[in-house]
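Ligands are counted one by one from 1 in listed order, and the atoms in each one are counted from 1 as well.
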Amino acid sequence: MKFIFVTGGVVSSLGKGIAVSSVGRLLKARGIKVNIAKIDPYLQIDAGTMSPYEHGEVFVTEDGGETDLDIGNYERFIDRNLTADNSITTGKIYWNVLKKERRGEYLGKTVQIIPHVTDEIKLHIRELGKGFDVTVVEIGGTVGDIESLPFLEAIRQMKKDEGKENILYIHLSLLPYLKTSGELKTKPTQHSVKELRSIGIQPDALICRTEVPITEKVKNKLSLFCDVEKNAIIEELNAESIYEVPLVFEKEGLGNLITEKLGFGNKTPDLKDWQDFTDRVLHPEKAITVSIVGKYAGMGDAYTSVVQALIHAGAENNVRVRINWIDSEKLETESYKEILDKLRNDGKLDGILVPGGFGKRGIEGKINAIRYARENNIPFLGLCLGLQCAVIEFARNVCNLKNANSTEFDEGTSYPVIDLMPEQKNVKNKGGSMRLGAYPAVLKEDTVVFSLYGKKIISERHRHRYEANPEFVPILQKNGLTISGTSPDGRLIEFIEITRHKFFVATQAHPEFKSRPNNPSPLFNGFVKKAAYRI
Ligand code: GLN
């Protein structure tokens, strides 16, 4: 088993997740079996209870893990499903240690950070390495944070435990560019490497984020002060698309450097598909604009997978999908029509997407946007809460069920078209208790959804508590709503559509989580195609 540990220095938000994902891609491109894990040094057991304001999107794995959004990047870059275990938090580690303590596994001992917590961390990392040639582990946060110390200590120890030929430390740092003097500054990087070395970790490679190319002089300086070989100083210039990063790293020689250092020798990478995909992302034939109507408008991180799924579908259809974020609260009054009419007249409303979400704020605006899409034949895709809002809209405005609502937003509504199912009614603890992870659905033949998936039984990931209420299915159907997919027992509504519409499809699932470069989500693909071409 071999491990690559990636730490970050100087500032946060350097794109460590993308760098780690790209390293994974370079290994995969060489036929090396790679796993990737993320360490988040916060005290939550998982990301499920965190607001997207705090940490961006909560990514859901096949097995129902509610993880950091970087797990989604890893999946997309190495094109493989990961598990809840690929996301390690301080909370998870301590939880395990405390459970062991209660079981009496440390009888007689004083339970301490070193060795008990560090041992637990190493145990978890080694478990993840089983069955893989290399496991890349991203250490969240920035070197110097108190929170990440036990993790850094654990990965330091692993060099001795596993043998130095099996461990590689990569440090990602920032070289700030001073415009006034036209210089790239190395001091912050020197300091963060110094900090790392004070913990006992000497980086084998430095990835330097920079706005301008790194000169020889700067490389020499970094090499000297950080004690890193010159060919192991990798330049990461700002890229136009995240999907370029593996190609940039490959050009910089990172792939060969890693494989040589870890004893795999020189392997020729196969990056052709990736290159083709990236070319299509960067140089599409035309552009369209899709409005995403959500509560966290403008916060791309809150909807990472949705944005990426649109990019994948765009590449497949040779179009650039521009996103116009609309804060759903802005569409809550009657003026929603004017706002959307204006966008439409300006040629900026090729489609409307309503993503997932929680809580009452902005709901009426989402419902209005859906009404507009339905009445004006604008392609519409609803995801999770997006389906729930579409059902509410249809119930109110087509079936005449006045004030129909979800009991999440109006407990006393006379028409609870969206409601908790019995198994959710007894749930007390909020953490990890939603309908989570992959569930199968059976599709109805002769529907748009069936034609997009091309098969009868499909599987998508879920993360929600509420469901379309089966009691109202007959009236919805009678008024022209097609139930295009249900759970295998027929009880839960998974997909809906309106047949006499250019494209009006919604799902209770989150298909964005399974979309990949060169393998877009069928629903996103259909949506983007309809938004882009009049076919
Ligand atoms: N709030 C809704 C529910 O819990 C929808 C959740 C979502 O969109 N992920 O069912």
Side-chain angles (χ1 to χ4, degrees), residues 46-53 55-62 64-67 69 72 292-297 299 301-307 309 328-329 352-367 369-370 380-393 395 404-411 413 416-439 441 460-470 472 486-487 491-496 505-515 521 523-524:
D46 60 37
T49 56
M50 261 187 286
S51 149
Y53 280 123
H55 246 265
E57 158 187 292
V58 176
F59 185 79
V60 181
T61 52
E62 285 287 289
E66 296 178 279
T67 70
L69 60 81
I292 299 186
V293 183
K295 195 160 69 166
Y296 306 105
M299 286 186 51
D301 265 8
Y303 305 108
T304 306
S305 295
V306 173
V307 173
S328 46
E329 280 183 291
I352 293 180
L353 189 152
V354 177
F358 295 83
K360 196 172 171 182
R361 187 162 65 83
I363 288 299
E364 294 302 320
K366 292 178 189 176
I367 293 171
I370 296 170
F380 163 73
L381 180 61
L383 310 171
C384 205
L385 179 66
L387 172 137
Q388 299 178 357
C389 290
V391 169
I392 297 170
E393 193 280 320
N405 216 331
S406 162
T407 50
E408 181 180 2
F409 317 126
D410 177 5
E411 260 182 88
T413 172
V417 290
I418 307 291
D419 198 6
L420 289 176
M421 296 297 102
E423 57 274 24
Q424 277 291 336
K425 287 206 165 121
N426 305 318
V427 167
K428 292 218 166 51
N429 289 340
K430 290 253 192 277
S433 59
M434 281 188 258
R435 184 170 177 233
L436 287 169
Y439 281 91
E460 291 288 5
R461 299 182 193 169
H462 289 249
R463 179 172 186 254
H464 57 105
R465 246 179 248 293
Y466 292 80
E467 306 276 354
N469 187 344
F472 292 89
T486 63
S487 55
R491 202 171 59 103
L492 305 174
I493 284 119
E494 297 281 19
F495 295 89
I496 59 166
V505 173
T507 172
Q508 187 55 73
H510 284 282
E512 66 271 26
F513 293 140
K514 281 180 47 171
S515 180
S521 154
L523 291 193
F524 280 79

Next item on the list: Return the residue, atom name and 0.1 Å-rounded distance of the protein heavy atom closest to atom 9 (N) of ligand 1.
Entry: Arg463 O, 2.8 Å
Checklist line | Protein residue, atom and distance nearest to atom 7 (C) of ligand 1, heavy-atom basis | finding: Cys384 SG, 3.0 Å
Next item on the list: Taking Asn429 for its side chain and Gly431 for its backbone only, find out whether a donor-acceptor pair lies under 3.5 Å.
Entry: no
Notebook entry, point to check: Below 4.0 Å from any atom of ligand 1, is there a heavy atom belonging to His510?
Noted result: yes
Notebook entry, point to check: Side chain, backbone, both or neither: which part of Gln388 has a heavy atom under 4.0 Å from ligand 1?
Noted result: side chain
Next item on the list: Using a cut-off of 6.0 Å, state whether more than 12 heavy atoms not belonging to Glu411 lie near its atom CD.
Entry: no
Note to self: Please list, in number order, the atoms of ligand 1 under 4.0 Å from a heavy atom of Tyr466.
What the structure shows: 3 (C), 4 (O), 10 (O)
Margin query: Using a 4.0 Å cutoff against the non-hydrogen atoms of Gly356, which atoms of ligand 1 qualify?
Written below: 8 (O)
Notebook entry, point to check: Hey, is ligand 1 close enough to Leu383 that some N/O pair sits below 3.5 Å?
Noted result: no
Next item on the list: Could you verify whether a donor N or O on one side chain and an acceptor N or O on the other, from Arg461 and Thr61, lie under 3.5 Å apart?
Entry: no
Note to self: Show, in sequence, the C-alpha distance, side-chain angles and deciding distance for Leu385 and Val354, and conclude whether the side-chain contact (heavy atoms from CB on, under 4.5 Å) test is met.
What the structure shows: CA-CA 8 Å; Leu385 179 66; Val354 177; 5.7 Å; no
Check: Atoms of ligand 1 less than 4.0 Å from Arg465 heavy atoms?
Finding: 3 (C), 4 (O), 10 (O)
Next item on the list: Could you tell me whether Glu408 approaches ligand 1 through its side chain, its backbone, both or neither, with non-hydrogen atoms closer than 4.0 Å?
Entry: side chain
Notebook entry, point to check: Do any nitrogen or oxygen atoms of Gly357 come within less than 3.5 Å of a nitrogen or oxygen of ligand 1?
Noted result: yes
Notebook entry, point to check: Could Glu494 and Arg435 be called an ion pair, given the rule that one side-chain N must be under 4.0 Å from one carboxylate O?
Noted result: yes
Margin query: Taking side chain to side chain donor-acceptor pair (under 3.5 Å) as the cut-off, I'd like each qualifying pair that reaches into residues 381-390, sequence neighbours left out, listed once.
Written below: Gln388-Gln508
Check: Taking atom NE2 of His510 and atom OG of Ser521, what is their separation to the nearest 0.5 Å?
Finding: 12.5 Å
Next item on the list: Please say whether more than 12 non-hydrogen atoms of neighbouring residues, nucleotides or ligands are located less than 6.0 Å from NZ in Lys425.
Entry: yes
Check: Are any of the N/O atoms in His464 less than 3.5 Å from those in ligand 1?
Finding: no
